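Worksheet for the structure shown next.
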Amino acid sequence: MLRFEVSVEDLLRSRFALSPAMDLCLLLRALAGLSQPLTWPWATRLRPTFERLRRETELDAVLALQTSRGGPDFVAPVPRGLNQTWADDLAMIRATPLEAAARREIATSVTTGPSARDPRVRAVLDSADAVSRIAEAMDRAWHELLAPDWPQLRAICERDVVHRVGVIGEHGWATAVESLHRSIAWRDGGFEIGSFPSVGSVRLVGDGLLLIPSVFVGNIAAHLEDPWPRTLVYPARGTAALWGEEATVRQPDALTALVGRARARLLLALDAPASTSHLARSLAMAPGAVGDHLAILRDAGLLVRARAGRSVLYRRTPLGEALVAGSS
């Protein structure tokens with residue numbers, strides 16, 4: 001079990017962030033068989049590109065640094081907030097000093113598997129331009145494997161954060177952190193995570209917890225050592241639906257006669273805040289039509305909107321909640 005000893009100051013300084021580079025590393029591990037596999041449709045779609053990139057680029061050098069438990073810090077820099085982009089991460093990766101940081105992390109992170117013994121891989125990892133070559137391979141992998149789906153995945157994570165912030169406002173930080181995963185419990189001034197092996201207690205030092213939602217983790221993961229702040233990476237709400245693991249959304253029959261089928265579907269889908277683009281993708285509707293319907297529902301007092309990072313998210317008002325509840 002892992003326990004975080006938390007003060008009031010730590011709770012006040014806790015914050016959320018997104019990490020495109022970390023999600024890219026998690027995706028690469030999944031495709032390489034180093035972590036829980038992707039669901040069949042995603043794996044089938046991405047694996048040919050993944051295998052081609054292994055042939056055409058120096059991606060195997062990146063994979064040689066990854067294990068089921070993580071990889072070097074320089075390939076997944078500490079994110080600064082919810083506005084973090086791949087361009088931000090890539091700039092930080094490229095700026096890593098080779099001798100001061102990257103060389104040490106490469107030496108301690110490199111695996112003993114076949115890829116690590118490949119002469120091509122060793123040539124990259126031992127080269128004077130190892131950082132730039134690793135960064136280039138990761139940039140190709142980003143653009144060909146993750147970038148096409150990133151707007152949807154980012155929307156899921158932003159939607160999750162808006163939900164958590166609402167829980168903080170209504171119930172406080174302790175309840176919000178407990179809600180991240182069923183294995184987390186608040187006891188005697190600290191968070192206990194039962195899914196971890198025996199790690200012991202970690203005392204925060206007034207800088208709070210960094211909380212990162214991800215669609216590529218099925219359990220809680222943690223960063224416990226510098227340069228990262230003490231960090232929890234947790235499964236974002238909506239991930240199961242993304243992988244097709246949830247039952248289909250209930251039909252809006254009771255609302256249809258009142259507001260129309262499309263608007264009823266939107267109201268029901270907004271059980272947590274979502275952006276126009278996320279709703280359009282998840283409901284297979286045209287973004288323009290979704291925007292028009294959302295504007296009408298907002299004018300009717302059934303929705304409000306707020307900015308979260310780069311997205312504008314819609315959520316139901318108390319009137320909208322009552323309407324949905326009364327129709328079930």
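For the single chain, residues carry numbers from 1 onward in sequence order. In this text the structure is predicted, and so the values were computed from the model without any measurement. These numbers come from the heavy atoms of this one structure, side chains and all, not from hydrogens, waters or symmetry mates.
Under the 30°/60° scheme for interplanar angles, the aromatic rings of Phe16 and Trp173 are found to lie parallel.
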Discussion item. If you apply the rule salt bridge (Lys or Arg N to Asp or Glu O under 4.0 Å), what do you find for Arg54 with Asp60, and how did you get there?
Written reply: CA-CA 6 Å; Arg54 294 184 69 175; Asp60 276 356; 2.6 Å; yes

Item to complete: Let me see the working for Leu209 and Thr231 under side-chain contact (heavy atoms from CB on, under 4.5 Å), right down to the final yes or no.
Response: CA-CA 6 Å; Leu209 277 170; Thr231 301; over 6 Å; no

Item to complete: Using the side-chain contact (heavy atoms from CB on, under 4.5 Å) rule, take Leu125 and Ile134 through it: C-alpha gap first, then chi angles, then the decisive distance, then the call.
Response: CA-CA 8 Å; Leu125 298 180; Ile134 288 169; 4.1 Å; yes

Practice prompt. Test Leu24 against Leu28 for side-chain contact (heavy atoms from CB on, under 4.5 Å), laying out the working first.
Written response: CA-CA 6 Å; Leu24 175 61; Leu28 292 175; 4.2 Å; yes

Worksheet item: How far apart are the C-alpha atoms of Leu63 and Phe50, what are their side-chain angles, what is the distance that settles it, and do they pass the side-chain contact (heavy atoms from CB on, under 4.5 Å) test?
Response: CA-CA 11 Å; Leu63 297 175; Phe50 173 71; 3.8 Å; yes

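By the criterion of side-chain heavy atoms lying less than 4.5 angstrom apart, applied directly or through intervening Ile, Leu, Val, Met, Phe, Trp or Tyr residues, Leu53 is not grouped with Leu34; the two fall into different hydrophobic clusters. Hydrophobic clustering places Leu268 together with Leu319 (ILVMFWY residues linked when any side-chain heavy atoms are closer than 4.5 Å, directly or through intermediates). Hydrophobic cluster membership differs between Val167 and Leu211, with clusters built from Ile, Leu, Val, Met, Phe, Trp and Tyr side chains linked at under 4.5 angstrom. Both Leu180 and Val6 are assigned to one and the same hydrophobic cluster, defined by single-linkage of ILVMFWY side chains at heavy-atom distances under 4.5 Å. In the hydrophobic clustering of ILVMFWY residues, with side-chain heavy atoms under 4.5 Å counting as a link, Ile296 and Val290 come out apart.
Classification of Arg237 and Asp160 as a salt-bridged pair fails, no side-chain N sitting under 4.0 Å from a carboxylate O. The residues Glu158 and Arg154 are annotated as salt-bridged, a charged nitrogen and a carboxylate oxygen being separated by less than 4.0 angstrom.
For the pair Phe74 and Ile106, the minimum side-chain heavy-atom distance is below 4.5 Å. Side-chain contact between Leu27 and Leu46 is present, with heavy atoms from C-beta onward closer than 4.5 Å. Between Leu59 and Val62, some side-chain heavy-atom pair lies under the 4.5 Å cut-off. The side-chain heavy atoms of Gln84 and Met22, taken from C-beta on, include no pair separated by under 4.5 Å. Side-chain atoms of Val78 and Pro229, non-hydrogen and from C-beta on, do get closer than 4.5 Å to each other. Taking the side chain as every heavy atom from C-beta outward, Leu204 and Ser7 never approach each other to under 4.5 Å. By the 4.5 Å heavy-atom criterion applied to side chains, Val304 and Arg315 are counted as neighbours.
When all heavy atoms of Arg133 and Ala123 are compared, the pair lying nearest together is NH1-O, 4.0 Å. The shortest heavy-atom contact between Ala137 and Thr57 is CB-OG1, 4.3 Å. Annotation for Leu210 and Ala17: closest pair CD1-CB, 3.7 Å, computed over non-hydrogen atoms. Taking all atoms of both residues into account, the shortest heavy-atom contact from Ser127 to Leu98 is O-CD2, 4.1 Å. Taking both residues in full, the closest heavy atoms of Ala64 and Val121 are given as CB-CG1, 3.8 Å, listed atom of the first, atom of the second, then distance. Scanning both residues, Arg103 and Ala130, for their nearest heavy atoms gives NH1-CB, 4.4 Å.
To the nearest 0.5 Å, the span separating CG on Leu146 from CE on Met138 amounts to 10.5 Å. Put simply, CG on Leu267 and CD on Glu321 are 9.5 Å apart, with the number rounded to the nearest 0.5 Å. Taking CG of Leu323 as the reference point, atom CZ of Arg316 lies at 9.5 Å (rounded to 0.5 Å). The structure places CD1 of Ile212 at 9.5 Å from OH of Tyr234, a figure rounded to the nearest 0.5 Å. Rounding to the nearest 0.5 angstrom, the gap separating the CG atom in Asp73 from the CD1 atom in Ile93 is 11.5 Å. Remark: Leu294 CG to Leu302 CG distance equals 11.0 Å, nearest 0.5 Å.
Residues passing the ring pair (Phe, Tyr, Trp, His ring centres under 6.0 Å) test with Phe4, sequence neighbours excluded: none. Applying the salt bridge (Lys or Arg N to Asp or Glu O under 4.0 Å) rule to Glu192 yields the partners Arg3, Arg187; only residues at least two apart in sequence or on another chain are considered. Residues satisfying the salt bridge (Lys or Arg N to Asp or Glu O under 4.0 Å) test with Asp226, not counting sequence neighbours, are Arg230. Evaluation of the side chain to side chain contact (heavy atoms under 4.5 Å, CB included) rule for Ala274 yields Arg159, Leu270, His278, Leu279 as partners, not counting sequence neighbours. Listed by chain and number, the residues in a ring pair (Phe, Tyr, Trp, His ring centres under 6.0 Å) with Trp142 are Trp86, Trp150 (sequence neighbours excluded). Taking the side chain to side chain contact (heavy atoms under 4.5 Å, CB included) definition, one finds that Ser179 meets it with Arg164, sequence neighbours left out. Residues satisfying the salt bridge (Lys or Arg N to Asp or Glu O under 4.0 Å) criterion with Glu144, sequence neighbours excluded, are Arg52, Arg140.
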Scan the side chains in residues 218-225 for donor-acceptor partners under 3.5 Å anywhere in the protein, sequence neighbours excluded, and list what turns up.
residue	atom	partner	partner atom	Å
Asn219	OD1	His181	NE2	3.3
Asn219	OD1	Ser195	OG	3.4

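Other residues, nucleotides and ligands contribute over 12 non-hydrogen atoms within 6.0 Å of the CZ atom of Arg120.
Cluster partners of Leu313 are Val162, counting Ile, Leu, Val, Met, Phe, Trp and Tyr whose side-chain heavy atoms approach within less than 4.5 Å, directly or via other members.
In this structure a side-chain-to-backbone donor-acceptor pair under 3.5 Å is missing from Thr44 to Pro41. Under a 3.5 Å cut-off, the side chain of Asp89 and the backbone N or O of Ala21 do form a donor-acceptor pair.
Among residues at least two apart or in separate chains, side-chain hydrogen bond (donor to acceptor under 3.5 Å, both in side chains) pairs with a member in residues 292-302 are Arg263-His293. Here salt bridge (Lys or Arg N to Asp or Glu O under 4.0 Å) pairs that include residues 32-50, with residues two or more places apart or in two chains, are Arg45-Asp149. The side-chain hydrogen bond (donor to acceptor under 3.5 Å, both in side chains) analysis of residues 15-24, with sequence neighbours excluded, yields the pairs Asp23-Ser214.
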